[in-house]
Amino acid sequence: MSGLMRHVAVVGAGRMGEGIALAFAQAGVHVSLIDLKARQAQAQASYFEAVRVRLATEAQSLVALELIDAQQAERLLSRVQLLTLEAGGQALQGCRLVFEAVPEVLEAKRKAFAWIDRHVAVDTIIASTTSTFLVTELAGMLSAPARMVNAHWLNPAHLMPLVEVSRSTATCEAVAAELLATLQAIGKVPVLCNATPGFIVPRLQALVMNEAARMVEEGVASAEQIDLAVRTGFGLRFSVLGLLEFIDWGGGDILHHASAYLSQHLGERYTAPHSVLDNMASGRNGLRDGVGFYDYRDTDIDAYRQTRLAHLVQRLHQAGLAPRFASGLEALDQPLLR
């Protein structure tokens, strides 16, 4: 726990808020999970009971997945405290980090930030979990935009490692650095990106998902066949090689020529970007040229390739798809033609 915050708050007790609370609780951090909506006593009790049931269900799922045991599940849940609007305001005063996780409605965000702003200390870091609005749009809702960042979590937040962090021009460098360090300390993999619609993963996956749906429309293949291809090809490969790394692996010129063909037949959305064309024109096609999107000039290429292939084989074994060598009665050693 050295260097790790001992108490964080999550404002918004919905699905995303619950996931973030579980992520921090798994790391041993006490979490104040605050319901920002004012409710009558009976309605509040019913709502909190529903939240507790969902949290307990997720904890039991972690037990079933053998990530924690039953005793750890109880400790996990004990680290999450559900708070009303009134009690939550008091809890915020002692928090170094507060996550906003209210619905993706601009007015709801505005009210949430105004409420948070009234209760936190002047140096508290405030992170929105929005997947819709840019931090540059939200920062002005705070009296001190310098402490505002965006932390976009992927669902389920307590399992997915990635958190996309973006900042505005007003965000203090130390604030972004502290958030990144905190996320790393609880076992997440934060990546820093500029404030732009779609961030990284949503922008990529929107293109891929729309194209998959388009292929169903066009009768290219059934939904089942497309998803099977994704699980056993596309997904497996890109769990080992990043997209830009894969361009370098095969060669930027290969992508250029493939894009030219596809754009001719399927439309402008397949046109290669300028960066691919520039790399090709400058002889920066990737591994074979020693430089592409990455610089490989000081890299042992053979060792690098072998490492990536070893990672791929691990994924294949995990998926039960690793190639097998036939021996004994399974072997077809006899010639087919006699």
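Small disclaimer: the values here were computed from a predicted structure and weren't measured.
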Do any side-chain atoms of residues 237-257 form donor-acceptor pairs under 3.5 angstrom with protein atoms, and if so which ones, sequence neighbours left out?
unit_1, atom_1, unit_2, atom_2, d
Ser239, OG, Leu236, O, 2.7
Ser239, OG, Arg315, NE, 3.3
Glu245, OE1, Gly242, N, 3.1
Glu245, OE2, Tyr304, OH, 2.7
Glu245, OE2, Arg308, NE, 2.7
Glu245, OE2, Arg308, NH2, 3.0
Asp248, OD1, Phe293, N, 3.0
Asp248, OD2, Phe293, N, 3.0
Asp248, OD2, Tyr294, N, 2.9
Asp248, OD2, Tyr296, OH, 2.8
Asp253, OD1, Arg288, NH2, 2.7
Asp253, OD2, Arg288, NH2, 2.5

Original post:
Do Val53 and Thr57 come within less than 4.5 Å of each other through their side chains, counting heavy atoms only?
Top reply: yes

**OP:** Using salt bridge (Lys or Arg N to Asp or Glu O under 4.0 Å) as the criterion, list what pairs up with Arg284, not counting sequence neighbours.
**Re:** none

**OP:** Please determine, by modelled atom types, if His7 and Ser32 share a side-chain donor-acceptor pair under 3.5 angstrom.
**Re:** yes

Subject >> Qualifying residues under side chain to side chain contact (heavy atoms under 4.5 Å, CB included), relative to Ala319, sequence neighbours excluded >> reply: Leu321

**OP:** Verify, without hydrogens or angle tests, whether Glu137 (side chain) and Leu134 (backbone) share a donor-acceptor contact under 3.5 angstrom.
**Re:** yes

Original post:
Is a side-chain N or O of Gln72 found less than 3.5 angstrom from the main chain of Asp69, in a donor-acceptor match?
Top reply: yes

Original post:
If we only count heavy atoms from C-beta on, is the Met148 to Val175 side-chain gap below 4.5 Å?
Top reply: no

Subject >> Gln42 atom CD, over 12 foreign heavy atoms within 6.0 Å >> reply: no

**OP:** Could you tell me whether Gln306 atom CD has more than 12 heavy atoms of other residues or ligands within 6.0 Å of it?
**Re:** no

Original post:
How close do Met16 and Ala157 get, heavy atom to heavy atom, and via which atoms?
Top reply: SD-CB, 4.0 Å

Subject >> Gap between atom CZ of Phe113 and atom OG of Ser128 - 0.5 Å precision >> reply: 4.0 Å

Original post:
Residues two or more places apart in sequence or in another chain: which of them pass side chain to side chain donor-acceptor pair (under 3.5 Å) with Lys188?
Top reply: none

Subject >> Chi angles and distances behind the salt bridge (Lys or Arg N to Asp or Glu O under 4.0 Å) call for Arg110, Glu107 >> reply: CA-CA 5 Å; Arg110 196 183 311 279; Glu107 188 55 32; 3.4 Å; yes

Original post:
What distance separates Glu18 CD from Arg52 CZ, expressed to the nearest 0.5 Å?
Top reply: 11.5 Å

Original post:
Atom CG of Asn155 and atom OG of Ser131: how far apart are they, to the nearest 0.5 Å?
Top reply: 9.0 Å

Original post:
So, are Asp35 and Lys37 salt-bridged, with charged N and O less than 4.0 Å apart?
Top reply: no

**OP:** Could you list all the side-chain hydrogen bond (donor to acceptor under 3.5 Å, both in side chains) pairs where at least one residue sits in residues 168-177, not counting sequence neighbours?
**Re:** Arg167-Glu173, Ser168-Thr171

**OP:** Looking only at non-hydrogen atoms, find the nearest pair between Leu97 and Thr124 and report the distance.
**Re:** N-CG2, 4.2 Å

Subject >> Closest non-hydrogen atom pair, Leu183 against Pro190 >> reply: CD1-CB, 3.9 Å

Original post:
Which residues satisfy the salt bridge (Lys or Arg N to Asp or Glu O under 4.0 Å) test with Glu178, sequence neighbours excluded?
Top reply: Arg96

Original post:
Who pairs with Arg15 by salt bridge (Lys or Arg N to Asp or Glu O under 4.0 Å), at least two apart in sequence or on another chain?
Top reply: none

Original post:
Any donor and acceptor pair, going by atom type alone, linking the side chain of Thr129 with main-chain N or O of His152 inside 3.5 Å?
Top reply: no

Original post:
What residues form a ring pair (Phe, Tyr, Trp, His ring centres under 6.0 Å) with His265, not counting sequence neighbours?
Top reply: Tyr261

**OP:** Output the distance between atom CG (Leu36) and atom CH2 (Trp115), rounded to the nearest 0.5 Å.
**Re:** 6.0 Å

Original post:
Do Leu180 and Val165 have side chains that get closer than 4.5 Å, going by heavy atoms?
Top reply: yes

Subject >> Separation of Ile186 CD1 from Gln26 CD (nearest 0.5 Å) >> reply: 8.5 Å

Subject >> With Thr132 via side chain to side chain donor-acceptor pair (under 3.5 Å) - residues at least two apart >> reply: Glu104

Original post:
Are more than 12 heavy atoms from other residues, nucleotides or ligands located less than 6.0 Å from atom CG of Asp278?
Top reply: yes

Under 3.5 Å, which donor-acceptor pairs link side chains of residues 74-88 to any protein atom two or more places apart or in another chain?
unit_1, atom_1, unit_2, atom_2, d
Ser78, OG, Arg75, O, 2.6
Arg79, NH1, Ala25, O, 2.7
Thr84, OG1, Ala87, N, 3.4

Side-chain donor-acceptor contacts of residues 195-203 below 3.5 Å, not counting sequence neighbours, with atom names and distances?
none

Original post:
Who are the side chain to side chain donor-acceptor pair (under 3.5 Å) partners of Tyr270, not counting sequence neighbours?
Top reply: Glu211

